[in-house]
Amino acid sequence: MLTTPFARPAFAQALPDPTRPPASLGAPLDATGSAGDGLPRLQSVLIAPRAGGRQVAVIDGETVRLGDMFKGARVARMRPSEVVLVRGRERQVLRLEPAPAEPAGSGIARAN
């Protein structure tokens with residue numbers, strides 16, 4: 001068996017996965033399918049850049065399109081960061097939750 005003097009075991013540094021879904025997706029759901037408070041959670045919005053293009057959102061894990069019904073409410077409007085549900089005269093605006101803040105001492109500093 002031939003070995004080289006430079007052969008050493010490799011150690012990998014753990015890096016966060018940028019494609020990992022937000023932590024809120026893994027939050028336990030209650031009987032209504034929401035994350036504890038009974039309110040629906042907007043998880044993503046995809047809007048085609050061209051006029052008249054497809055508009056799709058994911059609410060509580062369910063994919064809906066503009067004009068679809070979600071738990072008795074009509075999906076009335078989609079923006080890149082919010083969806084408006086209309087149930088009769090009631091309007092409910094769902095907003096994407098902000099990304100979690102970096103933990104203190106993470107070694108990442110903001111440039112001024």
Side-chain angles (χ1 to χ4, degrees):
M1 174 175 223
L2 180 64
T3 61
T4 66
F6 303 109
R8 297 188 318 188
F11 297 100
Q13 180 181 5
L15 297 173
D17 180 1
T19 62
R20 193 173 90 196
S24 61
L25 287 178
L29 301 178
D30 63 10
T32 64
S34 297
D37 57 8
L39 299 174
R41 296 277 189 251
L42 178 61
Q43 297 168 315
S44 68
V45 178
L46 298 172
I47 298 175
R50 61 182 160 83
R54 190 181 340 192
Q55 298 183 16
V56 179
V58 177
I59 305 170
D60 289 343
E62 182 177 333
T63 302
V64 295
R65 295 174 190 255
L66 187 64
D68 282 356
M69 298 298 288
F70 176 79
K71 295 185 179 178
R74 183 175 55 86
V75 179
R77 189 175 77 186
M78 287 189 189
R79 301 271 173 132
S81 63
E82 71 180 33
V83 168
V84 176
L85 300 176
V86 174
R87 181 179 293 112
R89 293 183 177 186
E90 178 185 337
R91 291 173 42 102
Q92 183 176 20
V93 179
L94 307 178
R95 291 187 172 84
L96 287 173
E97 295 180 8
E102 289 291 328
S106 65
I108 299 173
R110 291 184 179 254
N112 290 329

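What you are looking at is a predicted structure, and each value in this text was computed from that prediction instead of being measured. Below, each value reflects all heavy atoms present in this structure, side chains not excepted, and no hydrogens, waters or symmetry copies.
Arg54 pairs by the side chain to side chain contact (heavy atoms under 4.5 Å, CB included) definition with Val56, Arg65, not counting sequence neighbours. With sequence neighbours left out, Ser44 forms a side chain to side chain contact (heavy atoms under 4.5 Å, CB included) with Val58. In this view, Arg77 and Glu82 satisfy the side chain to side chain donor-acceptor pair (under 3.5 Å) rule, not counting sequence neighbours. Partners of Leu66 by side chain to side chain contact (heavy atoms under 4.5 Å, CB included), not counting sequence neighbours, listed by chain and number: Gln55, Val75, Met78.
With a 4.5 Å cut-off on side-chain heavy atoms, Val64 and Val83 do not count as touching. Considering only heavy atoms from C-beta on, Asp60 comes within 4.5 Å of Lys71 through its side chain.
Connectivity analysis of hydrophobic side chains (ILVMFWY, heavy atoms under 4.5 Å, direct or indirect) links Leu46 to nothing; its cluster partners are none.
Taking all atoms of both residues into account, the shortest heavy-atom contact from Gly53 to Ala48 is CA-CB, 3.6 Å. For the residue pair Ala73 and Arg87, the shortest heavy atom distance occurs at CB-NH2, 3.5 Å. Annotation for Leu85 and Ile59: closest pair CD2-CD1, 4.2 Å, computed over non-hydrogen atoms.
Cluster annotation: Val84 is not connected to Ile47 through the hydrophobic network of ILVMFWY side chains, with a link wherever side-chain heavy atoms come within less than 4.5 Å.
Note that CZ of Arg79 and CZ of Arg95 are 11.0 Å apart. Values are rounded to the nearest 0.5 Å.
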